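See structure below.
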Amino acid sequence: MASVTLKGIYKKYPGGVVAVSDFNLEIAHKEFIILVGPSGCGKSTTLRMIAGLEDITDGELYIGDKLVNDMAPKNRDIAMVFQNYALYPHMTVFDNMAFGLKIRKVPKDQIRKLVEEAAQILDIVHLLDRKPKALSGGQRQRVALGRAIVRNPKVFLLDEPLSNLDAKLRAQMRTELSKLHQRLGTTFVYVTHDQVEAMTMGTRIVVMNEGFIQQVDTPQNLYNKPVNTFVAGFLGSPQMNFIDAVVLKKGEKFYVEFGSEATKTYKGKKYLLELPEIKNRKGVLEPYDEKEVILGVRPENLHDEEIYLSAENASIIECKVDVTELMGAETFLYLNCENIPLTARVSPRSTAGAGDVIQVAVDVGRIHIFDKDTKDVITN
């Protein structure tokens, strides 16, 4: 079984720099798990510790049921695909893919069989006699993957393998990697800073920040039920809107209030949004009456269409349009509501233009509320 278990893993560098702190994770056999986070969050360091390329300062790492903390990389039965491909420029594609097998003294006829099988899977049979300089970025990446496949490892480790490709090829290779995972039935551990890759490829995602795990869950749960403002803001493009607000209880109902204070030159508006009962399940809002919170609203939950604006329970706010971006299948509206910047993702049929003052409906059933101090979620 090619499971990977990390128990209380730490990575500390000289000078007191802690790159990874108390990392605990169970990666199941055949799982496609993705480590995602901003640059410097510790995701590549974690991957390199699994590979044996970085020493573990503290904690235990198991591959299957074997403790591998002190095991050499070549004995861990893993294969790693790097961001920069790491191909030998003087060797043909065939020799690059075969190199690891030759080192292991695998018979020549078996090497040819394994390389040709991997080349067929990756559709690079016609490239086997070429050298890396004669290949495109996408072809080089396939060769790097092929070199890993021929070894038939227990675990594939992939460190931002698509980051050097253009947008179209990256999208194509995402699909190819997902198919490859299904076909090989092997455990994949994949590092990226690209949230689109994370959301579309992983069975589970590990969101990291400053060396700590923030949340581990399925892509859909991370998107719909973030545990804090970091996860909520990191996943989603455009990112979630965050609004300083106050929770108010009136009778049995809860509301959130936000907007401008009255000033000498401009009397600003305040907006009061009634929250559905489900937002107060288990009484989570009770301690927050008259307290400041952070209101989170995803761009797709701000609507300028008449069907939403005219709904009986519509929560309407007034915004000035600063910029519009027509993206083809959708339009992004960059708005200003009482000096609060907001982004809305609306239908391409929207007629809103820069300088317009428009009404926008907030889908209160899909808002998130976070603690102002801890940044942890109160209710999703």
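Worth saying up front: this structure is predicted, and the values here are computed from it rather than measured. Counting from 1, the numbers follow the sequence of the chain as shown.
Side-chain contact check for Asn380 versus Pro226: some heavy-atom pair is nearer than 4.5 Å. For the pair Val36/Met199, no side-chain contact is recorded, criterion being any heavy-atom separation below 4.5 Å from C-beta on. With contacts defined as side-chain heavy-atom distances shorter than 4.5 Å, the pair Leu158/Leu177 qualifies. Between Val216 and Arg204 there is a side-chain heavy-atom pair separated by less than 4.5 Å. Side chains of Thr187 and His29 form a contact here, defined as non-hydrogen atoms less than 4.5 Å apart. Residues Ile149 and Arg183 form no side-chain contact, since every pair of their non-hydrogen atoms from C-beta on lies 4.5 Å or further apart. The shortest side-chain heavy-atom distance between Tyr88 and Lys131 does not fall under the 4.5 Å cut-off. Annotation: side chain of Glu277 is not in contact with side chain of Lys253 (no heavy-atom distance under 4.5 Å).
In summary, Glu286 and Lys249 engage in a salt bridge, as defined by a charged side-chain N under 4.0 Å from a carboxylate O.
Between Phe258 and the options Val246, Val293, Leu273, a side-chain contact (heavy atoms from CB on, under 4.5 Å) holds for only Leu273.
A donor-acceptor contact shorter than 3.5 Å links the side chain of Thr379 to the backbone of Lys279. No donor-acceptor pair under 3.5 Å is formed between the side chain of Arg151 and the backbone N or O of Ala148. Judged purely by atom type and a 3.5 angstrom limit, Ser237 has no side-chain atom pairing as donor or acceptor with the backbone of Gln239. Under a 3.5 Å cut-off, the side chain of Lys43 and the backbone N or O of Pro38 do form a donor-acceptor pair. Side chain of Ser350 to backbone of Val346: no donor-acceptor contact under 3.5 angstrom is found. Of the possible donor and acceptor atoms, none in the side chain of Asp217 sits under 3.5 Å from a partner among the backbone N and O of Asn221. In this structure, Asn241 contributes its side chain and Val297 its backbone to a donor-acceptor pair below 3.5 Å.
Figure legend: cation-pi geometry between Arg298 and Tyr223, with NZ or CZ positioned under 6.0 Å from the six-membered ring centre and within 45° of its axis. By the 6.0 Å and 45° rule, Arg112 stacks over the aromatic ring of Phe94.
A donor-acceptor pair shorter than 3.5 Å cannot be found between the side chains of Tyr308 and Glu306. Donor-acceptor pairing under 3.5 Å is lacking for the side chains of Tyr271 and Glu257. Checking Ser44 against Asp159 by side-chain atom types alone, a donor-acceptor pair falls below 3.5 Å. Side-chain atoms of Thr192 and Glu197 form a donor-acceptor pair, as typed in the model, at a separation below 3.5 Å. There is a side-chain donor-acceptor pair under 3.5 Å between Asn24 and Asp22. Between the side chains of Asp304 and Gln359, no donor N or O sits under 3.5 Å from an acceptor N or O. Side-chain contact, Asp371 with Tyr288: a donor N or O sits under 3.5 Å from an acceptor N or O.
Atom CD of Gln214 and atom CG of Asn228 lie 5.0 Å apart (nearest 0.5 Å).
Open room surrounds CD on Glu210; 12 or fewer heavy atoms of other groups in view lie less than 6.0 Å from it.
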Exercise. Might you work through the salt bridge (charged side-chain N to carboxylate O under 4.0 Å, His left out) test for Lys372 and Glu292, ending with a clear yes or no?
Key: CA-CA 6 Å; Lys372 178 91 172 181; Glu292 290 187 13; 3.7 Å; yes

Self-check item: Chi angles and distances behind the side-chain contact (heavy atoms from CB on, under 4.5 Å) call for Ile369, Val377
Solution: CA-CA 6 Å; Ile369 301 175; Val377 72; over 6 Å; no

Exercise. May I have the step-by-step check of side-chain contact (heavy atoms from CB on, under 4.5 Å) for Arg48 and Thr45, ending in yes or no?
Key: CA-CA 5 Å; Arg48 290 173 66 82; Thr45 302; 5.8 Å; no

Exercise. Show your reasoning for whether side-chain contact (heavy atoms from CB on, under 4.5 Å) applies to Thr5 and Ile27.
Key: CA-CA 6 Å; Thr5 306; Ile27 304 171; over 6 Å; no

Practice problem: Apply the test ring-ring contact (aromatic ring centres under 6.0 Å, His included) to residues Phe23 and Tyr10: give CA-CA distance (whole Å), side-chain angles for both, the deciding distance (0.1 Å), then the verdict. | Solution: CA-CA 7 Å; Phe23 193 102; Tyr10 283 82; over 10 Å; no

Quiz item: How far apart are the C-alpha atoms of Asp95 and Lys102, what are their side-chain angles, what is the distance that settles it, and do they pass the side-chain contact (heavy atoms from CB on, under 4.5 Å) test?
Solution: CA-CA 9 Å; Asp95 289 334; Lys102 288 177 181 176; 3.2 Å; yes

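Note on ring orientation: taking the six-membered ring where Trp is involved, the planes of Phe32 and Phe188 are tilted (angle from 30° to 60°). Using cut-offs of 30° and 60° on the angle between ring planes, the pair Phe230 and Phe234 is parallel.
The two atoms that bring Gly202 and Pro219 nearest to each other are O-CG, 3.4 Å, heavy atoms only. Shown here for Lys154 and Thr186, the closest heavy-atom pair between the two residues is O-CG2, 3.0 Å.
Residues meeting the salt bridge (charged side-chain N to carboxylate O under 4.0 Å, His left out) test with Glu330, sequence neighbours left out: Arg345.
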